[in-house]
Amino acid sequence: MASGAYQDVLLYENDSRHYKYAFKADLALKDIKSKLVKGAISDFKEGKYKESADKSYEVYLFDKKDTLNLYNAAAASLTGKDYVSSIKYYEELKKGTIQEQELFFMQLIKRQN
């Protein structure tokens, strides 16, 4: 997929510190993400819950720290009665939330010591 290629460009150029295509790749990724988000919203409004969930999950994969799209994927799956996918997304969301909480508390403990 094109988004993977753009992400690879960004990773490679960040590692090499030679930024020839990073700006264009970043803009292209933002454009792809924006179109997917708009498409997910549109699909949800049209009752295409599976398509909405798929697009939301794909956006989540761009940036796993931004869990709103993972939540949207879970909610769209639940609304579309795709309970297997919905549980998968909620479990992933729960796992990420727990990891974030663990990291927060580890940092808090380090600061206190």
Side-chain angles (χ1 to χ4, degrees):
M1 166 173 224
S3 62
Y6 288 126
Q7 288 174 326
D8 289 344
V9 167
L10 290 174
L11 289 173
Y12 174 77
E13 290 194 358
N14 282 334
D15 287 344
S16 68
R17 298 185 189 248
H18 292 97
Y19 303 103
K20 184 174 182 180
Y21 301 105
F23 182 72
K24 289 182 182 179
D26 188 51
L27 286 177
L29 278 172
K30 287 179 182 176
D31 184 53
I32 292 169
K33 185 177 177 180
S34 174
K35 287 179 182 176
L36 283 170
V37 168
K38 288 177 184 176
I41 292 168
S42 176
D43 287 343
F44 190 88
K45 287 179 180 178
E46 293 173 14
K48 299 177 186 175
Y49 303 115
K50 177 165 180 19
E51 292 84 351
S52 177
D54 291 344
K55 289 174 184 170
S56 292
Y57 188 71
E58 194 170 338
V59 173
Y60 162 72
L61 293 177
F62 282 136
D63 180 10
K64 291 189 173 187
K65 292 178 185 174
D66 182 6
T67 56
L68 177 61
N69 290 295
L70 180 57
Y71 176 82
N72 289 343
S77 294
L78 184 63
T79 302
K81 299 183 181 177
D82 180 358
Y83 302 118
V84 173
S85 295
S86 181
I87 289 171
K88 179 183 119 181
Y89 297 143
Y90 278 120
E91 288 294 325
E92 190 170 344
L93 186 62
K94 181 179 167 184
K95 182 176 81 174
T97 302
I98 290 170
Q99 289 173 347
E100 288 173 8
Q101 289 173 348
E102 288 173 351
L103 181 61
F104 172 76
F105 286 115
M106 286 174 32
Q107 290 173 344
L108 188 62
I109 290 168
K110 284 182 183 179
R111 287 182 188 160
Q112 290 177 351
N113 291 332

Notebook entry, point to check: How far does NZ of Lys33 sit from NZ of Lys30, to the nearest 0.5 angstrom?
Noted result: 9.0 Å
Note to self: Please report the interatomic distance NZ(Lys88) to CG(Asp82), rounded to the nearest 0.5 Å.
What the structure shows: 9.0 Å
Least distance between heavy atoms, [X] atom then [Y] atom:
{"X": "Ala76", "Y": "Tyr49", "answer": "O-CB, 3.3 Å"}
{"X": "Ser56", "Y": "Ala73", "answer": "CB-N, 3.7 Å"}
{"X": "Ser77", "Y": "Ser85", "answer": "OG-CB, 3.7 Å"}
{"X": "Tyr60", "Y": "Glu92", "answer": "CE2-OE2, 3.2 Å"}

Notebook entry, point to check: Would you say Phe44 and Leu93 are hydrophobically clustered, going by side-chain heavy atoms of ILVMFWY under 4.5 Å?
Noted result: no
Margin query: Membership question, hydrophobic clusters at under 4.5 Å side-chain separation (ILVMFWY): are Tyr57 and Tyr71 in the same one?
Written below: yes
Item checked: Basic-acidic side-chain contact under 4.0 Å: Asp43, Lys55 -> yes
Check: Is any side-chain heavy atom of Tyr90 less than 4.5 Å from a side-chain heavy atom of Leu70?
Finding: no
Checklist line | Test item: Glu58 and Asp54 side chains (from C-beta on) under 4.5 Å apart, heavy atoms | finding: no
Item checked: Polar side-chain atom of Ser42 near backbone of Lys38 as donor-acceptor pair, under 3.5 Å -> no
Notebook entry, point to check: Knowing that exactly one of Asn72, Asn69, Leu68 qualifies, which makes a side chain to side chain contact (heavy atoms under 4.5 Å, CB included) with Val37?
Noted result: Asn69
